[in-house]
Each structure stands twice: as structure tokens, then as C-alpha cells.
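Source: prediction; values computed, not measured.
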There are 2 protein chains.
Amino acid sequence: MNNKDIFAEKLRSSGLRPTKQRIKICKLLFDRKDTFHFTINDLNNSIKSITTEQISLATIYNTIHAFKNKGYLKEISINSDKTYFDTNVSNHHHFFDENKRQLIDLDDKHVGKIKIKKTLPGKKIKSIEVLVKVVNNS
Amino acid sequence: MNNKDIFAEKLRSSGLRPTKQRIKICKLLFDRKDTFHFTINDLNNSIKSITTEQISLATIYNTIHAFKNKGYLKEISINSDKTYFDTNVSNHHHFFDENKRQLIDLDDKHVGKIKIKKTLPGKKIKSIEVLVKVVNNS
DNA sequence: CATAAATTTATAACGATTCTAAAGTAGAGT
DNA sequence: ACTCTACTTTAGAATCGTTATAAATTTATG
Ligand SMILES: [Mn+2]
Ligand SMILES: [Mn+2]
Ligand SMILES: [Zn+2]
Ligand SMILES: [Zn+2]
């Protein structure tokens, strides 16, 4: 079974029809060794650079939101002009390089155990994210 | 010396002319016991509710950016449609209530000491922020 | 093939933020 | 107090990432 069929199967089993647009985006996002961070604009540029048959921007947004809702992508909380997504959906943290405007993974094991010693009545914790902003040394 | 003069003096000593718009915003932001979080829209509404002589939206943006650059306000890193500001400029962390879309302070002492065990060559740490997303219990 | 539901698409709309350029104001010097 | 200049305010336009719309196309199913 080739990649196309694997992705098609995965999409189908998630209740998403395996269109050629979605499979192309799957290949770009998930058919690689390492996870990575991207913006919609990054992705749009990647698509344009590898193919002649382009995908409409609306479809890119639709697809990324669908993948995020299915848990295949994570949206990173960073106050920026653009939204960042992450193909690494495990619990982990980030450096944000303010010069390159780029996210870098910070594994759970690189961050001391975080214990929140305060509770909010009627609320439960959904996630705990650490963002370490870095800038050039000089 | 009344509040107006105190704020005027503070503005002047920061290299900002104490205009009536800036002093009005100072009173709203800093003339209170507790620090708080707000968006530009929140602030605009507050201004409209306490006074008849309104301040143009452009001036509100200008002023908030000036105050932030002078270190009187902090911008909170949260991926939202709007930018959140904080009159608490000390090192601290946040809960973000996803139902109310509201920030709540999380004191340094309520978060276990954070030790980042990874370094990036040529980069230095500018800030470490913990964001704890919470939702309603039910 | 027939049909219904899902998807894609181009384009419009939206909304937060920034830009522009003209009018107004504050502080320094005279 | 008058002048000058730099700073500030302002309304409105522009920008730009994102979302909504509605028509055309594609997919899944019988
Ligand atoms: Mn920002
Ligand atoms: Mn968002
Ligand atoms: Zn990551
Ligand atoms: Zn705070």
C-alpha cells in the first residue's frame, strides 16, 4: 500500500473524504521524518512550489481546520500576526525565535515538571503550555 | 499633588507629552488597586462609558503601544483574535478561561520553578511564559 | 446511472490593526 | 505672551489574515 492509499484510508476512517487536495496536503504535512511548525502562508507556498495544480486558499484553511479538529494538528498559542500549526501533537513546549519568527520544539523532558498550585472553582485544566521567547545573543 | 499631575509627571519623565487623552487612559489603567487584563476593544468601551469626549481609536492604539514600549504594559502571548494587554508588568503566568475568553493571573509562586534544560546556540532567553488553558468543569 | 451529501472554489465580507495626511497641541526659546 | 517645531490626535483609508457565501464539482452509495 502506497502513501496515497494510507492517507486515503486514514482520512476515510476519520470521516473525511479522501480528495486529492487533502491527500496532497497530507503528504506535505505527514510524509516526512520530523514534525514541524508552519503557518497557512508557509503551506500555501509549499503547495505552489511542488505542483502546478494549485489548491484554493479556502480549501487549505478548511483542510487545516479539519485536521486540527481531528487531532492531527495542534494550534500553537503565540500572539503573532499569523497562526502557527504544529504536526507534533504530543504534549510539548516551544521556543519562539523572535528574530526568525520561528517555533522550535522544547520537549517535556527539557522543562522541569510544572505543578500549578492554584485552582479555579468550576474550571478544569485543558492544557499547560510553556513559551520561551528567545532573541539573538548579540 | 493629584492623580492627574502624578500621571503627567510620569508621562513627561518617559518622554511622552501628557495630553488629556493619555492622562485619561492612565487613570483608567493605573488608577486602581488591582492590575487587570484588557483588549483594545475593552478599553475603548470603558472610555466611551465614562466620558462624553471620546478618544479616537487610532489614539488608543498609539497610546497602548507607547505604554507597552515604555514598559508600563505587557502584551500577553495568546493566540486569539484580539491582543491582550496586562497592567501587571511583573514576571507572572496566566490561566486563560476559554469560555469567558478571559485571562487570570497565576503568580510565579503558584507555578513550580521552571528550568529550561535546552539551549539554542546564539540565542538568549527573553521571557518564559506559562499559559494554562481552562474550561468549564461540566 | 441517480442521488444526496460533502467538498472545492472564487470571491466577498469581516475585523483587528496599521497607515496616512491633515489639523491641533505642548514645550522650548525668544 | 508670541513663535516655532516637533509631537500628537484624528477620521478615514488601507492592509491582511481569516471566515463566510453560494455556485460548481466531486465523492460515496444504491
Ligand atoms: Mn501582536
Ligand atoms: Mn486562533
Ligand atoms: Zn512543536
Ligand atoms: Zn497578568
How many whole angstroms separate atom [atom1] of [X] from atom [atom2] of [N]?
X: A:E75; N: D:dG17; atom1: CD; atom2: C1'; result: 13 Å
X: A:L16; N: D:dT26; atom1: CG; atom2: C1'; result: 15 Å
X: A:N69; N: D:dT19; atom1: CG; atom2: P; result: 11 Å
X: A:I23; N: C:dT7; atom1: CD1; atom2: P; result: 13 Å
X: B:I60; N: D:dT8; atom1: CD1; atom2: P; result: 17 Å

Determine yes or no for a side-chain-to-main-chain donor-acceptor pair under 3.5 angstrom, with B:N44 supplying the side chain and B:N41 the backbone. no
Output yes when a side-chain donor or acceptor of B:K74 lies under 3.5 Å from a complementary backbone atom of B:S90, and no otherwise. yes
Partners of [X] by salt bridge (charged side-chain N to carboxylate O under 4.0 Å, His left out), sequence neighbours excluded?
X: B:K68; value: B:E75
X: B:R12; value: B:E9
X: A:K133; value: B:E129
X: B:K70; value: none

Atom pairs and distances, donor-acceptor, side-chain atoms in residues 107-122 of chain B, under 3.5 Å, two or more places apart:
from, atom 1, to, atom 2, distance (Å)
B:D107, OD1, B:K109, N, 3.4
B:D108, OD1, B:H93, NE2, 3.2
B:K118, NZ, A:D105, O, 3.0

For every nucleotide of nucleotides 15-30 of chain C, 5' to 3': is a protein heavy atom under 4.0 Å from its base (B), only from its sugar-phosphate (S), or from neither (-)? -SBBB------BS---
Is any side-chain nitrogen or oxygen of B:R22 closer than 4.0 Å to OP1 or OP2 of D:dT9? yes
Bend angle of the helix from C:dC1-D:dG30 to C:dT30-D:dA1 from five-pair axes at both ends, rounded to 10°? 30°
Counterpart residues, side-chain hydrogen bond (donor to acceptor under 3.5 Å, both in side chains), relative to A:T87 (two or more places apart): none
The side-chain hydrogen bond (donor to acceptor under 3.5 Å, both in side chains) partners of B:N91 (sequence neighbours excluded) come to none
Does anything in residues 47-56 of chain A reach DNA chain C, meaning a heavy atom under 4.0 Å, and if so which residues? A:Q54, A:I55, A:S56
Which residues end up grouped with B:L16 if you chain together Ile, Leu, Val, Met, Phe, Trp and Tyr wherever their side-chain heavy atoms are less than 4.5 Å apart? B:F7, B:L11, B:I23, B:I25, B:L28, B:L29, B:F30, B:F36, B:F38, B:I40, B:L43, B:I47, B:I50, B:I55, B:L57, B:I60, B:Y61, B:I64, B:F67, B:Y72, B:L73, B:F85
Please enumerate all residues that pass side-chain contact (heavy atoms from CB on, under 4.5 Å) together with B:V135, with sequence neighbours excluded. A:K124, A:K126, B:E98, B:N99
